[in-house]
Amino acid sequence: MLQVNGVSLQYGSKKLFEDVNLKFTKGNCYGIIGANGAGKSTFLKVLSGEIEPQKGYVSLDKNERMSVLQQNQNMYDDQTVLRTVMLGYKRLVDVMDEKDALYANPDFSEEDGIKAAELESEFAEMNGYDAEYQASQLLNALEIPEELHYALMSELDAKQKVRVLLAQALFGDPDVLLLDEPTNNLDIKTVRWLENYLMDFENTIIIVSHNRHFLNKVCTNICDVDFGKINMYVGNYDFWYQTSQLLARQQKEQNKKAEQRAK
């Protein structure tokens, strides 16, 4: 479970969030919505740890893994496409590199053998022996052809890089998945594939998106960022809209009655 406890963040005189308390639980997909400049993407960065709040904290079980859709398309230009996807599960790649380096050592010792056995065991627990196949399957589904899987990221165009970074975020079934505008630069066919993928995803998803149809399809909850508060509603975008309109009408009627009483 990802938990937000008393989080407040302010830039100069502008309060983005104040005393935010939320719980994001397994099996749910949360859509983060709000006006431009309300702080939706900033809130994702707080959740990921990229930005530290001035007050409060975000907690995640130490055994759970968070994956974030990277926004810097040139971040992995010196890596192959396949390795870029696998770097979505960095510990898996670190273990793979470490054991490969041990086996490449011409003076392989008994101590190296013990360490290699430990790494092999950890690698197997992370499903490492199927990692390249799973990465390739994601790339194929996102229409990155196999002849590009071992190409450098620098050789891809911007739209292809977006798809590779999306595959990276999805790779390895993370416990918490953070997606900021994941449908940008995707065609309708790929967006439909992503919708189906996320609807079958069994862990926690948190999404910032302006695509109302997409939010309607995948979200179980909506988090509305407004006036420094983040209110959570159960249901998809349409349900949130109907609920918010009803609440607005009720508030308007209450204000009108209060004015009448005052008169």
Side-chain angles (χ1 to χ4, degrees), residues 1-11 14-35 37-71 87-92 125-126 165-166 168-182 194-195 197-211 214-237 239-241 243-244 247:
M1 180 176 66
L2 181 67
Q3 191 160 342
V4 180
N5 302 276
V7 162
S8 298
L9 183 65
Q10 181 170 335
Y11 290 129
K14 183 178 181 181
K15 286 184 179 180
L16 282 182
F17 319 115
E18 186 172 19
D19 195 28
V20 175
N21 295 279
L22 295 170
K23 292 180 182 179
F24 301 98
T25 56
K26 182 176 179 179
N28 289 313
C29 178
Y30 301 85
I32 311 295
I33 64 168
K40 302 182 296 295
S41 294
T42 302
F43 183 61
L44 280 196
K45 290 178 181 178
V46 171
L47 293 180
S48 70
E50 184 178 342
I51 292 177
E52 285 285 334
Q54 274 118 6
K55 292 182 181 178
Y57 61 95
V58 176
S59 61
L60 179 67
D61 189 283
K62 64 179 182 179
N63 295 317
E64 293 193 333
R65 184 171 68 88
M66 178 183 289
S67 183
V68 180
L69 175 58
Q70 298 294 337
Q71 302 298 310
L87 280 167
Y89 197 164
K90 191 172 183 303
R91 178 57 187 166
L92 184 148
E125 287 177 6
M126 293 185 287
L165 292 177
L166 180 56
Q168 180 194 76
L170 302 177
F171 176 72
D173 290 326
D175 298 291
V176 178
L177 178 60
L178 304 185
L179 301 174
D180 193 351
E181 299 292 355
L194 181 59
E195 288 172 355
Y197 186 96
L198 295 180
M199 285 190 289
D200 291 336
F201 192 78
E202 296 181 350
N203 295 328
T204 304
I205 311 167
I206 305 173
I207 302 172
V208 168
S209 178
H210 288 92
N211 187 330
F214 179 71
L215 293 176
N216 268 333
K217 289 286 285 185
V218 303
C219 289
T220 61
N221 300 69
I222 294 293
C223 299
D224 185 16
V225 183
D226 195 20
F227 297 108
K229 300 294 183 182
I230 304 181
N231 296 308
M232 186 183 293
Y233 300 83
V234 176
N236 63 10
Y237 184 93
F239 189 83
W240 162 81
Y241 184 78
T243 302
S244 63
L247 291 174

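Starting from 1, each residue takes its place in the sequence as its number.
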Spacing of [atom1] belonging to [X] relative to [atom2] belonging to [Y], to within rounding of 0.5 Å:
{"X": "C223", "Y": "I206", "atom1": "SG", "atom2": "CD1", "value": "7.5 Å"}
{"X": "Q71", "Y": "K45", "atom1": "CD", "atom2": "NZ", "value": "8.0 Å"}
{"X": "L2", "Y": "S59", "atom1": "CG", "atom2": "OG", "value": "7.0 Å"}
{"X": "L22", "Y": "M232", "atom1": "CG", "atom2": "CE", "value": "4.5 Å"}
{"X": "L198", "Y": "L170", "atom1": "CG", "atom2": "CG", "value": "6.5 Å"}
{"X": "I33", "Y": "H210", "atom1": "CD1", "atom2": "NE2", "value": "10.0 Å"}

For [X] versus [Y], what's the shortest heavy-atom pair and its separation?
{"X": "C29", "Y": "I207", "answer": "SG-CD1, 3.6 Å"}
{"X": "S209", "Y": "F214", "answer": "OG-CD2, 4.0 Å"}
{"X": "P182", "Y": "L194", "answer": "CB-CD2, 4.0 Å"}
{"X": "S48", "Y": "V68", "answer": "CB-CG2, 3.9 Å"}
{"X": "S8", "Y": "P53", "answer": "O-CB, 3.6 Å"}

My understanding is that only residues two or more places apart in sequence, or in another chain, count here; which of them pass side-chain hydrogen bond (donor to acceptor under 3.5 Å, both in side chains) with [X]?
{"X": "D226", "value": "none"}
{"X": "N5", "value": "Q3"}
{"X": "D175", "value": "none"}

Would you check if the side chain of [X] reaches a backbone N or O of [Y] as a donor-acceptor pair within less than 3.5 Å?
{"X": "E202", "Y": "D200", "result": "no"}
{"X": "D180", "Y": "L178", "result": "no"}
{"X": "K40", "Y": "A35", "result": "yes"}
{"X": "N203", "Y": "V176", "result": "no"}
{"X": "T25", "Y": "M1", "result": "no"}

With a sphere of 6.0 Å drawn around CD of E52, does it hold more than 12 non-hydrogen atoms of other residues, nucleotides or ligands?
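Atom CD in E52 is not crowded, with 12 or fewer foreign heavy atoms closer than 6.0 Å.
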NZ (K229) with more than 12 external heavy atoms under 6.0 Å:
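Yes - once you tally the heavy atoms of other residues, nucleotides and ligands closer than 6.0 Å, there are more than 12.
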Any residue meeting ring pair (Phe, Tyr, Trp, His ring centres under 6.0 Å) with Y197, in chain and number order, not counting sequence neighbours
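Ring pair (Phe, Tyr, Trp, His ring centres under 6.0 Å) list for Y197, sorted by chain: W193.
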Could I get the full list of ring pair (Phe, Tyr, Trp, His ring centres under 6.0 Å) partners for Y30, not counting sequence neighbours?
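By the ring pair (Phe, Tyr, Trp, His ring centres under 6.0 Å) rule, Y30 matches F24.
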Results of side chain to side chain contact (heavy atoms under 4.5 Å, CB included) for [X] - residues two or more places apart only:
{"X": "A38", "answer": "V225"}
{"X": "K90", "answer": "D94"}
{"X": "P174", "answer": "R65, S67, L177, F201"}

Checking side-chain contact (heavy atoms from CB on, under 4.5 Å) against V46, which of L16, I51, V4, V20 comes through?
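Among L16, I51, V4, V20, the one that satisfies the side-chain contact (heavy atoms from CB on, under 4.5 Å) with V46 is I51.
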Partners passing salt bridge (Lys or Arg N to Asp or Glu O under 4.0 Å) against [X] (at least two apart in sequence or in another chain):
{"X": "E64", "result": "none"}
{"X": "K15", "result": "E18"}
{"X": "E181", "result": "none"}

If a pair satisfies ring pair (Phe, Tyr, Trp, His ring centres under 6.0 Å) and one of its residues is in residues 42-70, list it, with sequence neighbours excluded.
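Qualifying pairs, neighbours excluded: F17-F43.
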